[in-house]
Amino acid sequence: MASTAGPEIERLIALLSKLPGMGPRSGRRAALALLKKRDQLLTPLAEAMAEAAARVRPCRVCGSLDTAETCAICTDGARDGSLICVVEEVGALWAMERGGAWRGRYHVLGGLLSALDGVGPDALRVNELVGRTSDGAVREVVLALPATVDGQTTAHYLADRLAPTGVQVTSLARGVPVGGELDWLDDGTIAQALRARRPA
Ligand SMILES: [Zn+2]
């Protein structure tokens with residue numbers, strides 16, 4: 001990287017460039033925006049990041065992120081503790097919460113099984129999930145995993161691991177998205193939606 005700015009600014013650019021969806025070009029733009037808006041952006045962002053780094057940690061039960069040792073969802077008495085929704089990462093949990101339809105709890109796996117990337121069950125929070133379902137208090141585990149090869153491999157593995165516990169294991173339905181036009185859908189989605197059809 002051409003060192004036209006001082007080392008502090010170059011470091012800022014280099015770090016910003018590593019964020020998802022960013023590269024050196026957008027890293028430079030973001031750094032400039034921050035430096036130009038010191039009071040509105042740079043200082044509050046630095047404070048928010050320092051606070052997050054100091055206080056946010058994984059929930060010891062579900063693996064979500066919160067400032068408490070056990071997260072707000074796991075301690076929410078209004079939620080149904082007999083239902084656990086398994087997600088790949090915290091981002092998927094946030095998406096489920098935005099949907100507003102899930103009133104159970106969660107389990108964040110921390111990734112997916114992947115032969116290609118050498119990710120085995122021990123790298124994921126699988127044993128923790130089996131442990132949570134072993135005391136008889138959980139009646140259903142909903143697998144909300146991606147409709148990808150790794151997602152489905154992981155779902156099959158989890159169903160096998162959970163079978164001895166006797167808990168019901170289900171998966172999210174796949175099909176036509178809300179507001180979706182049929183001629184925009186890929187063939188696989190249409191085929192899945194047709195298989196999952198139900199009485200109108
Ligand atoms: Zn939790």
Side-chain angles (χ1 to χ4, degrees), residues 15 18-22 44-175 177-178:
L15 288 169
K18 290 182 182 169
L19 291 172
M22 304 274 278
L45 182 68
E47 286 168 4
M49 290 174 95
E51 195 177 347
R55 297 188 58 210
V56 176
R57 68 201 64 233
C59 169
R60 67 182 175 85
V61 179
C62 72
S64 181
L65 295 173
D66 205 325
T67 51
E69 201 179 322
T70 306
C71 77
I73 292 176
C74 285
T75 52
D76 183 353
R79 284 182 178 261
D80 188 344
S82 71
L83 304 172
I84 293 179
C85 176
V86 178
V87 291
E88 178 187 358
E89 290 290 358
V90 177
L93 185 159
W94 290 345
M96 289 288 295
E97 285 297 289
R98 282 198 303 275
W102 180 246
R103 296 308 299 163
R105 301 226 161 96
Y106 290 95
H107 192 85
V108 180
L109 274 184
L112 297 172
L113 295 177
S114 171
L116 208 61
D117 297 326
V119 181
D122 291 342
L124 308 176
R125 301 180 64 253
V126 175
N127 290 332
E128 289 88 338
L129 175 66
V130 176
R132 285 179 73 185
T133 56
S134 302
D135 64 357
V138 174
R139 60 188 164 91
E140 183 178 353
V141 170
V142 180
L143 303 175
L145 299 172
T148 58
V149 171
D150 287 348
Q152 295 317 292
T153 303
T154 308
H156 284 131
Y157 175 81
L158 292 179
D160 284 348
R161 284 290 305 271
L162 291 168
T165 67
V167 67
Q168 187 186 13
V169 182
T170 57
S171 293
L172 287 191
R174 317 230 179 268
V178 173

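Position 1 is the first residue of the sequence, and the numbers go up from there. These values consider heavy atoms only, across backbone and side chains, with no hydrogens, waters or symmetry-generated copies. Each ligand, and each atom within it, is numbered from 1 in the order the structure gives.
In terms of modelled atom types and a separation under 3.5 Å, the side chain of Asp117 and the main chain of Val119 share no donor-acceptor contact. Remark: the backbone N or O of Ala72 is paired with a side-chain donor or acceptor of Asp66 at under 3.5 angstrom. Side-chain N or O atoms of Arg105 include one that pairs as donor or acceptor with a backbone N or O of Asp76 at under 3.5 Å. A donor-acceptor pair is defined here as one N or O able to donate and one able to accept, closer than 3.5 Å; such a pair exists between the side chain of His107 and the backbone of Arg125.
Considering every non-hydrogen atom in both Leu113 and Thr153, the closest pair reads CD1-O, 4.4 Å.
If you count the protein N, O or S atoms nearer to the Zn ion (ligand 1) than 2.8 Å, you get 4.
Applying the side-chain contact (heavy atoms from CB on, under 4.5 Å) test to Arg174 and every residue at least two apart in sequence or in another chain returns Ala147, Gln152, Gln192.
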